[in-house]
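The figures here come from the full heavy-atom set of this structure, side chains too, leaving out hydrogens, waters and symmetry mates. The chains referred to below are lettered A, B, ... by the order of the sequence lines, with proteins before strands, and numbering in each begins at 1. Treat the numbers as computed from the prediction; the structure is a model and nothing was measured.
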There are 2 protein chains.
Amino acid sequence: MNECSVAPRMGRQPLTTRAALSHVALRLFLERGFERTTVDDIASAAGIGRRTLFRYFPSKNDLPWGDFDAELVRMRSFLAATDTTVSLVDALAQAVVEFNRFPPEEAPFHRERMNLLLNVPALVAHSALRYAEWRLVVSNFAAGRLRVAVDAIEPTVIGWVFLGASLAAYEQWLRTDDSNLIELLESALLLLKEGFAPGELATGGPGGRA
Amino acid sequence: MNECSVAPRMGRQPLTTRAALSHVALRLFLERGFERTTVDDIASAAGIGRRTLFRYFPSKNDLPWGDFDAELVRMRSFLAATDTTVSLVDALAQAVVEFNRFPPEEAPFHRERMNLLLNVPALVAHSALRYAEWRLVVSNFAAGRLRVAVDAIEPTVIGWVFLGASLAAYEQWLRTDDSNLIELLESALLLLKEGFAPGELATGGPGGRA
DNA sequence: AGACTAGTGGCACTCAGTGCCGAAAGTACA
DNA sequence: TGTACTTTCGGCACTGAGTGCCACTAGTCT
């Protein structure tokens, strides 16, 4: 029988990796802009055929995302490992923060990636599909905690609300150079806990509460 | 001087309207599916050239939306006309409900349109751009009420949160045949007001509050 | 009639994405 | 060393969305 340990796999070895291609693409997108970079450009810059690139990534829009599925798996298992004494919102808030933690040397890359994802229209659109997967992770956890169906209205709203808070924090993060993403996330998530109770948001305009 | 009243405009009269094209496209999408309907199909079904269709709508993805910009203008002016004694969340909740009110005979069309927009991947993606415009209307109003910048974190989160509640209600509406969209919207919006305070959502799992 | 204006649509082009299929590069076993 | 098998690679041709260009059509104005 065959050994499936490190090198000795069956067929031909892959020429590159998803991560490598993602980096090459990201560099080109920053140099020339997303729309003015063709898939051919990326493929030849990476030294592979165009047809091969489409086996690593299903679309040009997926290139900036890298291996997002793996990140989702991480988040799902983090949530699964959360102690059940932690409240639902706290559990999700911790998971969101954990999901967006990365080594400081990665910051410039991550910043540029998110800059593209939140500003290039084609990517903003495509990201909706990724966000939907992310929301599903959140909704699934919430549904389990609330003991209701995943497609009930509460878990769905919770998914949206946490997504919105995360992206609001990201937009804020990108707007200023020296801001701390984690702190911004925490403050956005805090808004969710405090916001929609009888605080300032629920009061009327000038004189509404006076 | 020229008369700009009803018929006597300057050049050639348009052959059709955005609304008419949107209806033709919607019918074909339901018959054959979105992906299996080409722009040529729609153009010839509408009796115009393919090139002309792209002057009415910038992309195939925009066809189901019809004249969304006009709807946004409606929502913006509804918000502007809201009495300042009404609280921010109530004002937005009323506007959201008003935005989604339509004559009952339109229900089947609207249902099918939303079915496409929320289920066809290409449309789910593209809709993110439309939702962004919608959120901007909400955020702008919230920023004015809270006396902060539009790109501050609070108005952004509020935009997301109301979008999420609306779409959660829509998903629920589509799931069952005889449901009432307005009621679902109201219950989703109620979640926002009650949800993230020390209610059930903030408590721990089994035994967290007992 | 002639000038002007706005909508139409054919043509050719770019680019993303896909199906097909043979070639390349590796392993397993004789 | 050779043959079988397995997996990746990538060229080619095709579909379909979206765009620039330009001539044409159908109106109005003087």
Side-chain angles (χ1 to χ4, degrees), chain A residues 1-22 24-25 28-29 32-65 116 120-127 129, chain B residues 1-22 24-25 28-29 32-65 116 120-127 129:
Chain A
M1 312 314 161
N2 58 4
E3 309 287 321
C4 269
S5 53
V6 186
R9 283 172 49 259
M10 223 355 175
R12 180 176 177 171
Q13 265 66 26
L15 283 182
T16 181
T17 62
R18 290 173 62 87
L21 289 177
S22 183
V24 169
L28 291 181
F29 291 158
R32 315 182 201 177
F34 180 81
E35 297 295 352
R36 306 196 325 132
T37 306
T38 69
V39 175
D40 283 282
D41 291 338
I42 303 165
S44 46
I48 62 170
R50 162 197 163 76
R51 190 64 185 82
T52 301
L53 191 148
F54 278 112
R55 285 208 188 81
Y56 282 85
F57 287 91
S59 80
K60 182 185 175 185
N61 293 330
D62 284 299
L63 279 160
W65 283 96
L116 288 169
V120 175
L123 295 177
V124 171
H126 182 75
S127 300
L129 301 173
Chain B
M1 321 301 164
N2 58 1
E3 308 288 323
C4 267
S5 54
V6 187
R9 283 172 48 260
M10 226 349 175
R12 179 176 177 172
Q13 266 66 25
L15 284 181
T16 181
T17 62
R18 290 173 62 86
L21 289 177
S22 184
V24 169
L28 291 180
F29 291 158
R32 315 181 201 175
F34 180 82
E35 297 295 352
R36 306 196 325 132
T37 305
T38 70
V39 175
D40 283 281
D41 292 338
I42 303 165
S44 46
I48 61 170
R50 162 198 164 78
R51 191 62 185 81
T52 300
L53 192 148
F54 278 113
R55 285 208 188 82
Y56 283 85
F57 288 90
S59 81
K60 181 186 175 185
N61 293 329
D62 284 299
L63 279 160
W65 283 97
L116 287 169
V120 175
L123 295 177
V124 171
H126 182 76
S127 300
L129 301 174

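The separation between B:Phe57 atom CZ and C:dT8 atom C1' is 17 Å, rounded to whole Å. Across the protein-nucleic acid pair, B:Lys60 atom NZ and D:dG16 atom C1' stand 8 Å apart, rounded to whole Å. Here C:dG17 presents its P atom at 12 Å from CD of B:Glu35, a figure rounded to the nearest Å. Rounded to whole Å, atom C1' of D:dG18 lies 12 Å from atom CG of B:Asp62. Between B:Leu53 atom CG and D:dT19 atom P there is a gap of 12 Å when expressed in whole angstrom units. If you take CZ of A:Phe54 and C1' of D:dC12, they are 15 Å apart, rounded to a whole angstrom.
Closest of all the heavy-atom pairs between A:Phe29 and A:Leu116 is CB-CD1, 3.8 Å. Shortest non-hydrogen contact noted between A:Glu35 and A:Ala122 is OE2-CB, 3.8 Å. Summarising the geometry of B:Lys60 relative to B:Pro64, their closest heavy-atom pair is O-CD, 3.7 Å, with the distance given to 0.1 Å. Heavy atoms only, all atoms of each residue included: B:Ser59 and B:His126 are closest at OG-CE1, 3.9 Å.
Atom CG in B:Leu63 sits 10.5 Å away from atom OG1 in B:Thr37 (nearest 0.5 Å). From B:Leu15, atom CG reaches atom CD of B:Gln13 across 10.0 Å, with rounding to the nearest 0.5 Å.
Within residues 36-44 of chain B, the residues that place at least one heavy atom under 4.0 Å from DNA chain D are, in residue-number order, B:Thr37, B:Thr38, B:Val39.
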Please list, for nucleotides 1-3 of chain C, all pairs of protein and nucleotide N/O atoms separated by less than 3.5 Å.
none

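The side chain to side chain contact (heavy atoms under 4.5 Å, CB included) search around A:Pro121 returns B:Leu129, not counting sequence neighbours. B:Tyr56 meets the ring-ring contact (aromatic ring centres under 6.0 Å, His included) test with no other residue; sequence neighbours excluded.
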For residues 44-55 of chain B, run the donor-acceptor check on the side chains, cut-off 3.5 Å, and write out each pair with its distance to 0.1 Å, sequence neighbours left out.
unit_1  : atom_1 : unit_2  : atom_2 : d
B:Ser44 : OG     : B:Asp40 : O      : 2.8
B:Ser44 : OG     : B:Asp41 : O      : 3.2

When every nucleotide of nucleotides 2-11 of chain D is labelled 5' to 3' by its protein contacts under 4.0 Å (heavy atoms), B for base, S for sugar-phosphate only, - for none, what sequence of letters results?
-> ----BBBBBB

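Between B:Leu123 and B:Trp65, every side-chain heavy-atom pair lies at or beyond the 4.5 Å cut-off.
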